[in-house]
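A quick write-up on the structure given underneath.
Note that the structure is predicted; figures quoted are calculated from it, not measured. Remember, it's 1-based here, ligands and their atoms both numbered in the order they're listed. Residues: numbered from 1 along the sequence shown.
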Amino acid sequence: MKIIDAHMHYYEIEGFHTAAKAAGHENTAGHYSGICAENGIVFSVAMGNSEGETSLFGGSTPRVPNLARKFDFASFNQPADIGYCCGVKSDELTPANAEKTASEFERYVKTPHCVGIKLYPGYRHVYAHDPVHYPLFELARHYDLPVVIHTGDTSNSAAILKYAHPLTVDELAVRYSDVRFVLAHCGNPWIVDAVAVADKNDNVFIDLSGLAAGNFETESFYSAHRAYYEHIAMWLDYMGKYEKVMYGSDWPLVNIQNYIGLIGKIIPKDKHRAVFYENALKVFPKIAPLL
Ligand SMILES: [Zn+2]
């Protein structure tokens, strides 16, 4: 089966090396490309992250105001089969600099591998629907890029959950009805709320990344956590719109082969091709020319 991973991380911090080991992986470019070859992953979308990280691409990532991930084009060695979403440091946005920030982002958005924009409302303590983001949404509309929004629980306790609730995306989806929004992690554990927002709004989609971490044997893990995975499957079935759902892994946090198996169990077999591959091509139109 051909797969597009619509949500992974491709950068270097100490925590990711530890997490990768716990998942049975190495957080290196070489290991990742081997994993993709073994599992039929033909393209991946890397989520932008905090400034100062070292990219696994080998390029340095110097700092730009408001841009969570800055690429040095001179030394940046972009793999052909990995795109990225520009991360936004929303807490540094102000009404005064929001327009200027969007024009800085435009430089990246125009490059072939920038396939979307990423917001982190919970980590940055700024609602996705805050007007400081409006110029970025206009940029997304102009270049036909989706805006991926971290929704649901967070990896550190400095984050504030109210900003990360999937219901906060509803207002945004109405206001920008011609921009596509992706609820990362299906709003976990607010699965029902994420499904409600995606079901109601034609322009809202869901990625299934981050619904397990580490390494496990798929069948026994599923059995041990059956109630949780059946809950997710039930609400996706309730929505009945599998064209809105995309596979994503959150690599390097989970074992890729076993996670593909796990997600395969909560998605009906006849929807696998859509969820694991086709839907990402529609949500991220810039992927197709890169394949
Ligand atoms: Zn993630």
Side-chain angles (χ1 to χ4, degrees), residues 3-20 22-23 25 27 32 35-36 41 43-57 61 67-69 82-90 114-124 126 128 145-161 163-166 168-169 181-191 194 198 204-215 232 245-256 258-260 262-263 275-276 279-280 283-284 287:
I3 294 176
I4 294 172
D5 187 335
H7 182 137
M8 49 79 82
H9 298 276
Y10 202 69
Y11 68 111
E12 176 126 38
I13 54 167
E14 191 45 46
F16 273 2
H17 288 298
T18 315
H25 291 312
N27 187 35
Y32 187 67
I35 290 296
C36 289
I41 300 164
F43 197 86
S44 310
V45 180
M47 294 297 147
N49 296 288
S50 55
E51 78 283 0
E53 80 262 13
T54 306
S55 164
L56 293 184
F57 302 131
T61 56
L67 179 61
R69 185 170 189 174
I82 299 182
Y84 64 89
C85 289
C86 263
V88 181
K89 288 158 67 181
S90 305
C114 178
V115 300
I117 293 172
K118 174 81 188 282
L119 301 185
Y120 306 86
Y123 295 105
R124 300 287 175 179
V126 181
L145 299 183
V147 178
V148 181
I149 302 172
H150 176 99
T151 55
D153 60 11
T154 53
S155 62
N156 69 59
S157 54
I160 296 178
L161 290 174
Y163 296 106
H165 196 286
T168 61
V169 180
F181 297 98
V182 178
L183 304 173
H185 318 302
C186 196
N188 183 54
W190 295 298
I191 303 290
V204 176
F205 300 82
I206 282 170
D207 87 38
L208 297 178
S209 63
L211 304 176
N215 201 357
I232 299 170
V245 181
M246 296 181 290
Y247 167 78
S249 66
D250 232 6
W251 191 85
L253 303 180
V254 73
N255 183 275
I256 295 298
N258 298 339
Y259 196 66
I260 291 168
L262 185 67
I263 297 302
V275 170
F276 281 97
N279 296 342
V283 175
F284 297 94
I287 293 179

Set of residues satisfying side-chain contact (heavy atoms from CB on, under 4.5 Å) with respect to I4, sequence neighbours excluded =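 side-chain contact (heavy atoms from CB on, under 4.5 Å) list for I4, sorted by chain: V42, F43, Y277, A280, L281, I287.
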### Task
Decide side-chain contact (heavy atoms from CB on, under 4.5 Å) for V147 and L119; before the verdict, give the C-alpha distance in whole Å, the side-chain angles of both, and the deciding distance to 0.1 Å.
CA-CA 7 Å; V147 178; L119 301 185; 4.0 Å; yes
**Message:** Taking side chain to side chain donor-acceptor pair (under 3.5 Å) as the definition, give me every residue that meets it alongside S44, ordered by chain and number, with sequence neighbours left out.
**Reply:**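 S44 satisfies side chain to side chain donor-acceptor pair (under 3.5 Å) with Y32 only.
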Practice prompt. Mind checking side chain to side chain donor-acceptor pair (under 3.5 Å) for N279 and listing every partner two or more places apart, or none if nothing turns up?
Written response: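 Partners of N279 under the side chain to side chain donor-acceptor pair (under 3.5 Å) test: none.
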Determine whether the aromatic ring centres of residues H165 and W190 are separated by less than 6.0 angstrom.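 Aromatic pair counts; centres sit under 6.0 Å.
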Whether H7 and H185 hold their rings parallel, tilted or perpendicular, with breakpoints at 30° and 60°: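 Ring orientation, 0 to 90° scale: tilted.
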Output, by chain and residue number, all protein N/O/S atoms separated from the Zn ion (ligand 1) by less than 2.8 Å.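 Near the Zn ion (ligand 1), the protein supplies H7 NE2, H9 NE2, D250 OD1.
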